[in-house]
Amino acid sequence: MFMRKALLSATCVVFGTGIAFAADNPELGEELTAAQVAAVDFTIMPDGDGLPEGSGTAVAGREVYNQHCLACHGENGAGGVNDVLAGGHGSLTGPRPQKTVGSYWPYATTVFDYIRRAMPFQTPDSLSNDETYAVTAYVLFVNDIIAEDADMNADTLPQVKMPNRDNFVWGYMPK
Amino acid sequence: MSTEKSDVAAGNGLLGRRIFLKAGVAGGATLLTAQAAGVEREQWMKFPGGPMSENGAPSAYEAHVKRIGVASQPGTTGTGVSRTPLQHLNGLITPSRLHFERHHSGIPDIDPDAHRLVIHGMVDRPLSFSLEALARYPMVSRIQFLECSGNSGGSIAPEPAQVSVGNMHGLVAASEWGGVPLSVLLEEAGVKRGAKWIIADGADAAIMSRSVPLDKIMDDAIVALYQNGERLRPGNGYPMRLFLPGWEGNACVKWLRTIKVMSEPAMTKDETSKYSDLNEEGIAQLFTFPMGVKSLITSPSHGLSLGPAGIYQLSGIAWSGSGKIKRVEVSADGGSSWADAALDEHVLPKCLTRFRSAWNWDGGPAVIMSRATDEAGNVQPTRTAVLNGRANGAFYHYNGIQAWAVSDAGEVSNVYA
């Protein structure tokens, strides 16, 4: 315990918080196993870290899309009661910028990540990983970013370069 | 009340701050009413009043004071916003029941005994904290604002919308936020070298997620458990939320479930496709975190009409994500001349600050506005300056000066000035 406190103090100095945690920290965090962590870890990084097993193409994705997504997002991602997913290329500097997955989103991994977290809106957690890859592929396909038969998986998805990728800057650089 | 020449502080009837700076000036003289021969009672003084209650509620006569502009996405009930009715409030604390909401997939019904906060990623020991455990940690409490970065976005419209100040600017509120510094929990887990960001996930059905720089987390972020002395309300993240003083509300992830320590941001949907700021050249800025210096006159404002000519109080709120409000100036002549407003006693960092100014309205048309300066020296910009260089439709982080036109009939409308 003594060693751990010393280690914690060192960390405190590194970050310079000035909070005297060592004295009054009750240290009640329960250590988790790797499996326990994996069960709550939804994070997917732009380099593909966190992407699960599985794969799918736009061909398969079209079926998933038409069944689960079309009602809100329209045919071929043209938009409906909710966000337009496709098109808008070249519109960002015009009178009506249209920020779609194809015209705006910087990372393809974000598409998979968001669908897995939050979609379909009324029944998140209902798509398999294969279905999620497939519908991700479909959304990229209707934006003319990948071919209809391109297989999206943990290796290929992070390699997809989004058309608007280079038009982002950071407003905050971590110290 | 006389308005001697020496009281005048700026054009078109703005008076000096003296009256607000003196304590107790309003006492005494107004204790009126010469008593008639007999004594009288109002109706409600003629029998014992109502009972106690387990949950307080506002007066029935104040039933009109409620969240406004409640709007959800088509086909949903809890996915959208509700706004703080700023025009009906006076002070700096926002009552919890009136605190604005912004949800991305409704309000989850979380069992606090089953909820856990997990810290993992680039740490020596991934840890899980129950609410019961967190209650034993050293807690801090601060009174600070929370503002959605989409607040005031309607002000980019080509023509000024004729809506109330709450409807236009009500995605801001201030509360006493109490909770555990996240730095304490991260230090317990042991942050590894090279870590620069955390990824925060919520326990809502959308698992709302944002990346936040670790230096901010270690500086002043808390896992908030209390709002205005009681447990968080469900609409504000019960049983726990991330709270980042001064930073955009979306990053203050509600229903906080996991914190993953990383070397890079995750580039989540919200931080890339939504809460990013596009300029006219097609370049978009990610991670615009601090909220800019801003102020609003909340009274009078659209929908609150003036009566006869005479002395009125201009009152409003000012805030900045960079620290304390140092100064608020008001104008009653459309910005030709300005006078310093009086600031209420509590001028707190990253908090709403109430300002007041006395105005001797002559009954003619006038344009009133306020302009805030924070302790870092940032001055609230004009609407024109805010929009300069932005892409069409870019509405996040709008902090331009709000002007209200007063007609000779005393009616107040939203104007761009």
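Heavy-atom contacts from other residues, nucleotides or ligands closer than 6.0 Å to CG of N66(A) number more than 12. For E75(A), the CD atom is loosely surrounded, since the number of other residues' heavy atoms within 6.0 Å does not exceed 12. Within a 6.0 Å sphere centred on CD of E148(A), other residues, nucleotides and ligands contribute more than 12 heavy atoms. Counting non-hydrogen atoms of other residues, nucleotides and ligands closer than 6.0 Å to CG of D111(B) gives a total above 12.
Side-chain contact check for L127(A) versus H68(A): some heavy-atom pair is nearer than 4.5 Å.
Only the side chain of Q73(B) comes within contact range of chain A, with heavy atoms under 4.5 Å apart. Proximity to chain B involves both the backbone and the side chain of L32(A), based on heavy atoms less than 4.5 angstrom apart. Contact of D47(A) with chain B is not made at all, since no heavy-atom distance falls under 4.5 Å. In this structure, the portion of I199(B) lying under 4.5 Å from any heavy atom of chain A is its side chain and not its backbone. Proximity to chain B (any heavy atom under 4.5 Å) is shown, for D125(A), by neither the backbone nor the side chain. T258(B) touches chain A through its side chain: at least one heavy atom from C-beta onward sits under 4.5 Å away, while N, CA, C and O do not. Contacts between E264(B) and chain A at a heavy-atom distance below 4.5 Å involve backbone atoms as well as side-chain atoms. In this structure, the portions of K196(B) lying under 4.5 Å from any heavy atom of chain A include both its backbone and its side chain. Within the 4.5 angstrom heavy-atom criterion, only side-chain atoms of Y104(A), from C-beta onward, approach chain B. Proximity to chain A is limited to the side chain of T79(B), based on heavy atoms less than 4.5 angstrom apart. Residue contact with chain A, scored on non-hydrogen atoms closer than 4.5 Å, involves the backbone and the side chain of Y137(B) alike. In this structure, chain B has a heavy atom under 4.5 Å from the side chain of W105(A), while its backbone stays farther away. Of the atoms belonging to Y172(A), heavy atoms from both backbone and side chain fall under 4.5 Å from chain B. Only the side chain of Q122(A) comes within contact range of chain B, with heavy atoms under 4.5 Å apart. Contact annotation for K175(A): both backbone and side-chain heavy atoms come within less than 4.5 Å of a heavy atom of chain B.
Side chains of D374(B) and S320(B): a donor on one and an acceptor on the other come within 3.5 Å.
The residue among T33(A), D113(A), T43(A) with the most heavy atom pairs within less than 4.5 Å of chain B is T43(A). Contact count versus chain A (heavy atoms, under 4.5 Å) is highest, among A394(B), A205(B), G106(B), S130(B), for A205(B). When R257(B), E281(B), E280(B) are compared by the number of non-hydrogen pairs under 4.5 Å with chain A, R257(B) comes out ahead. In terms of heavy-atom pairs under 4.5 angstrom with chain A, the leader among P74(B), S273(B), G282(B) is S273(B). With respect to chain A, the highest number of heavy-atom pairs below 4.5 Å among A391(B), P213(B), P290(B) belongs to P213(B). With chain B as the partner, the residue from P97(A), S91(A), A71(A), P106(A) showing the most heavy-atom pairs under 4.5 Å is P97(A). The greatest number of non-hydrogen atom pairs below 4.5 Å with chain A, out of P265(B), G75(B), S211(B), is found for P265(B). No other option in G393(B), P126(B), A133(B), G121(B) has as many heavy-atom pairs under 4.5 Å with chain A as P126(B).
Ring geometry for W170(A) versus F287(B): interplanar angle over 60°, hence perpendicular rather than tilted (30 to 60°).
For the pair I110(B) and P239(B), the tightest heavy-atom approach, listed with the atom from each and the gap, is CG2-CD, 3.6 Å.
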| How far apart are the C-alpha atoms of W197(B) and L214(B), what are their side-chain angles, what is the distance that settles it, and do they pass the side-chain contact (heavy atoms from CB on, under 4.5 Å) test? | CA-CA 5 Å; W197(B) 293 80; L214(B) 186 61; 5.8 Å; no

| task | Decide side-chain hydrogen bond (donor to acceptor under 3.5 Å, both in side chains) for N153(A) and D151(A); before the verdict, give the C-alpha distance in whole Å, the side-chain angles of both, and the deciding distance to 0.1 Å. | result | CA-CA 6 Å; N153(A) 55 52; D151(A) 193 52; 3.2 Å; yes

| request: List the steps and the verdict of side-chain contact (heavy atoms from CB on, under 4.5 Å) for S263(B) and M122(B). | output: CA-CA 8 Å; S263(B) 60; M122(B) 294 174 68; 4.1 Å; yes

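Taking a cutoff of 4.0 Å between a charged side-chain nitrogen and a carboxylate oxygen, D166(A) and K161(A) qualify as a salt bridge. Taking a cutoff of 4.0 Å between a charged side-chain nitrogen and a carboxylate oxygen, D41(A) and K260(B) qualify as a salt bridge.
The salt bridge (charged side-chain N to carboxylate O under 4.0 Å, His left out) with E147(B) is formed by just one residue from the set K294(B), K350(B), R102(B); it is K294(B).
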